[in-house]
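I have placed the structure first, in the form of structure tokens, so that the comments after it can refer back to it.
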Amino acid sequence: YFKKATMQINKSTTVGQIVAYEFQTAKIFEKYNIDFCCKGHIHLEDACKQKQINYEELVTQLLTEINSKSPKSGNPIALNPIQLIDHIISKHHRYIINSIPSITSFLTKLSSVHGHKHQELHQIRSEFTQATNELADHMRKEELVLFPIIKNLYKLKKDSYKVSTELNNAIIHPIKTMMHEHEIEVERFESIKLLSSQYTGPEDGCITYHVTYKMLKDFHQDLHEHIHLENNVLFPMALKLEMEVSSLSIENGVEEIETWMRSNLMATEIQVSDARQPFYEQPAGVRHGHYSADDLCRHLALVSHVRRLRL
């Protein structure tokens, strides 16, 4: 699908592939209320049928937008998994962390001063508070567990370790969990968007009112881009990497492979404990903080396979 200067679009091209190639096309999908974020896997033709949009006209608009842009070195599809993860953390995770205090403070002030007249402010504040708590836990799981696993898959491939395993798709479960949590937050912010009348303050709203809604709108837009990069770019990369690391024969010794895995997993500076349960099966409040090296190895389905070979 992807070419250096333009893109081939056909009826089986997914919405997520198009936005991954050129993020500016997101504004076109938003105009037609097509979800490129959590529903980025939908084929363009099916999206047009659902929204009763003329397929040819939409393709023309998309290609016009794509061809008007020069290829950008910062295009996420040009990054390797380590670079993309670092970009997601430095741009999107840090943005969330840095934005939460100000938005929370403004929403608290608005609810206190204007809540008696605009009851929706209380619900917006409640929804945002819940979102920030869940996002903090979500990002912690990604940064402590899933992202290091993906980085090590990439390093494993670069070092030409190829391991046969019956446990393919070892990272599909944590990825599915992350994507499910993405859907929850997208729905939550759609609710906030509706409650705030598309982030438009009332006519009698003060400056703080309009500033707060602008900040919420920016937060929502950044969250869309953030989730898009993970769902439609990083996670497919990770699943492809896992398939590439698996092969029909073992090309490296059992002890050497296990030593490599343990040393690289420990090098990620993840806190190690005796926790055995995979993070996506742990109850809320226990899903972060401490994970064993054995647990991380099981996620890769590598050491588990190596141990079976010894028996």
Side-chain angles (χ1 to χ4, degrees), residues 23 26-27 30 35-38 85-147 174 177-231 234 271 279-280 282-290:
F23 187 73
K27 62 187 179 184
E30 287 178 346
D35 184 0
F36 64 86
C37 185
C38 290
I85 286 171
D86 290 343
H87 169 77
I88 289 170
I89 292 174
S90 63
K91 181 179 180 181
H92 299 293
H93 284 199
R94 296 292 82 80
Y95 172 83
I96 289 174
I97 292 170
N98 293 334
S99 299
I100 286 173
S102 296
I103 297 176
T104 299
S105 175
F106 285 146
L107 282 174
T108 300
K109 180 179 179 180
L110 285 178
S111 298
S112 175
V113 176
H114 301 285
H116 66 286
K117 188 174 182 181
H118 299 282
Q119 293 293 321
E120 71 278 2
L121 286 170
H122 298 297
Q123 191 171 349
I124 291 172
R125 179 190 174 192
S126 174
E127 292 279 9
F128 184 76
T129 299
Q130 191 170 353
T132 59
N133 292 335
E134 294 298 327
L135 284 170
D137 185 54
H138 177 89
M139 293 188 298
R140 195 176 292 113
K141 287 182 288 187
E142 289 184 332
E143 293 185 22
L144 290 177
V145 181
L146 183 57
F147 286 175
T177 299
M178 296 298 98
M179 293 179 71
H180 174 67
E181 292 180 4
H182 287 167
E183 289 183 12
I184 292 173
E185 295 314 315
V186 167
E187 290 176 3
R188 197 192 313 278
F189 271 88
E190 286 300 322
S191 174
I192 292 175
K193 181 179 178 180
L194 183 63
L195 287 167
S196 63
S197 301
Q198 312 293 311
Y199 301 114
T200 302
E203 292 183 2
D204 62 342
C206 61
I207 293 178
T208 301
Y209 221 124
H210 295 289
V211 168
T212 304
Y213 275 17
K214 175 63 167 59
M215 293 177 71
L216 280 171
K217 182 178 181 179
D218 291 346
F219 193 100
H220 190 176
Q221 289 177 338
D222 181 83
L223 188 66
H224 260 267
E225 182 180 352
H226 174 186
I227 292 174
H228 156 70
L229 286 178
E230 292 185 0
N231 283 10
L234 178 62
Q271 293 176 292
F279 74 92
Y280 50 87
Q282 294 186 15
V286 189
R287 294 176 185 166
H288 55 79
H290 300 276

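Side-chain atoms of Thr129 come within 3.5 Å of backbone atoms of Arg125 as a donor-acceptor pair (strictly under, hydrogens ignored). Remark: side-chain polar atoms of Ser111 are paired, donor with acceptor, to backbone N or O of Leu107 under 3.5 angstrom. Although no hydrogens or angles enter the test, the distance criterion places no donor-acceptor pair under 3.5 Å between the side chain of Thr104 and the main chain of Pro101. Although no hydrogens or angles enter the test, the distance criterion places no donor-acceptor pair under 3.5 Å between the side chain of Ser112 and the main chain of Thr108.
Within the structure, the salt bridge (charged side-chain N to carboxylate O under 4.0 Å, His left out) test picks out the following pairs touching residues 93-107 (sequence neighbours left out): Arg94-Glu143. Residue pairs meeting the salt bridge (charged side-chain N to carboxylate O under 4.0 Å, His left out) criterion with at least one member in residues 96-105, sequence neighbours excluded, do not occur.
Between Tyr213 and Ile124 the shortest side-chain heavy-atom distance falls below 4.5 Å. Side chains of Lys109 and Thr208 form a contact here, defined as non-hydrogen atoms less than 4.5 Å apart. Counting only heavy atoms from C-beta outward, the side chains of Met139 and Ile97 approach each other to under 4.5 Å. Looking at Phe189 and Glu127, their side chains never come closer than 4.5 Å, going by heavy atoms from C-beta outward.
Checked for salt-bridge contact, Lys91 and Glu225 meet the test: a charged N lies under 4.0 Å from a carboxylate O.
A distance of 6.5 Å separates CG of Leu135 from CD1 of Ile100, quoted to the nearest 0.5 Å. Between atom NE2 of residue His116 and atom CG of residue Leu121 there is a gap of 10.5 Å, rounded to the nearest 0.5 Å. Between Glu183 atom CD and Asp35 atom CG the span is 8.5 Å, to the nearest 0.5 Å. Between Leu229 atom CG and Ile88 atom CD1 the span is 5.5 Å, to the nearest 0.5 Å. Distance check: Ile184 CD1 to Gln130 CD gives 9.5 Å after rounding to the nearest 0.5 Å.
Residues satisfying the side-chain hydrogen bond (donor to acceptor under 3.5 Å, both in side chains) criterion with Lys193, sequence neighbours excluded, are absent altogether. In this view, Glu120 satisfies the salt bridge (charged side-chain N to carboxylate O under 4.0 Å, His left out) rule with no residue, not counting sequence neighbours. Every residue meeting the ring-ring contact (aromatic ring centres under 6.0 Å, His included) condition with His118, not counting sequence neighbours, appears here in chain and number order: Tyr209.
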Just distance, no hydrogens or angles: give the donor-acceptor pairs under 3.5 Å from side chains in residues 215-224, sequence neighbours left out.
unit_1: Asp218; atom_1: OD1; unit_2: Lys214; atom_2: NZ; d: 3.1
unit_1: Asp218; atom_1: OD2; unit_2: Lys214; atom_2: NZ; d: 2.8
unit_1: His220; atom_1: ND1; unit_2: Tyr199; atom_2: OH; d: 2.7
unit_1: His220; atom_1: NE2; unit_2: His224; atom_2: NE2; d: 3.4
unit_1: Asp222; atom_1: OD1; unit_2: His92; atom_2: ND1; d: 3.0
unit_1: Asp222; atom_1: OD2; unit_2: His92; atom_2: ND1; d: 3.3

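Smallest separation of non-hydrogen atoms from Val186 and Ile227: CG2-CD1, 3.6 Å. Annotation for His114 and Cys206: closest pair NE2-SG, 3.6 Å, computed over non-hydrogen atoms. Of all the heavy atoms in Phe128 and Ile192, the pair that sits closest is N-CD1, 4.0 Å.
In summary, of the residues considered (His180, His93, His226, His182), a ring pair (Phe, Tyr, Trp, His ring centres under 6.0 Å) with His138 occurs for His182 alone.
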Could you walk me through whether Arg188 and Glu185 satisfy the salt bridge (charged side-chain N to carboxylate O under 4.0 Å, His left out) test, starting with their C-alpha distance in whole Å, then the side-chain angles of each, then the deciding distance to 0.1 Å, before giving a yes or no? CA-CA 5 Å; Arg188 197 192 313 278; Glu185 295 314 315; 2.9 Å; yes
| task | Run the numbers on Glu181 and Lys141 for salt bridge (charged side-chain N to carboxylate O under 4.0 Å, His left out), then give the verdict. | result | CA-CA 11 Å; Glu181 292 180 4; Lys141 287 182 288 187; 2.5 Å; yes
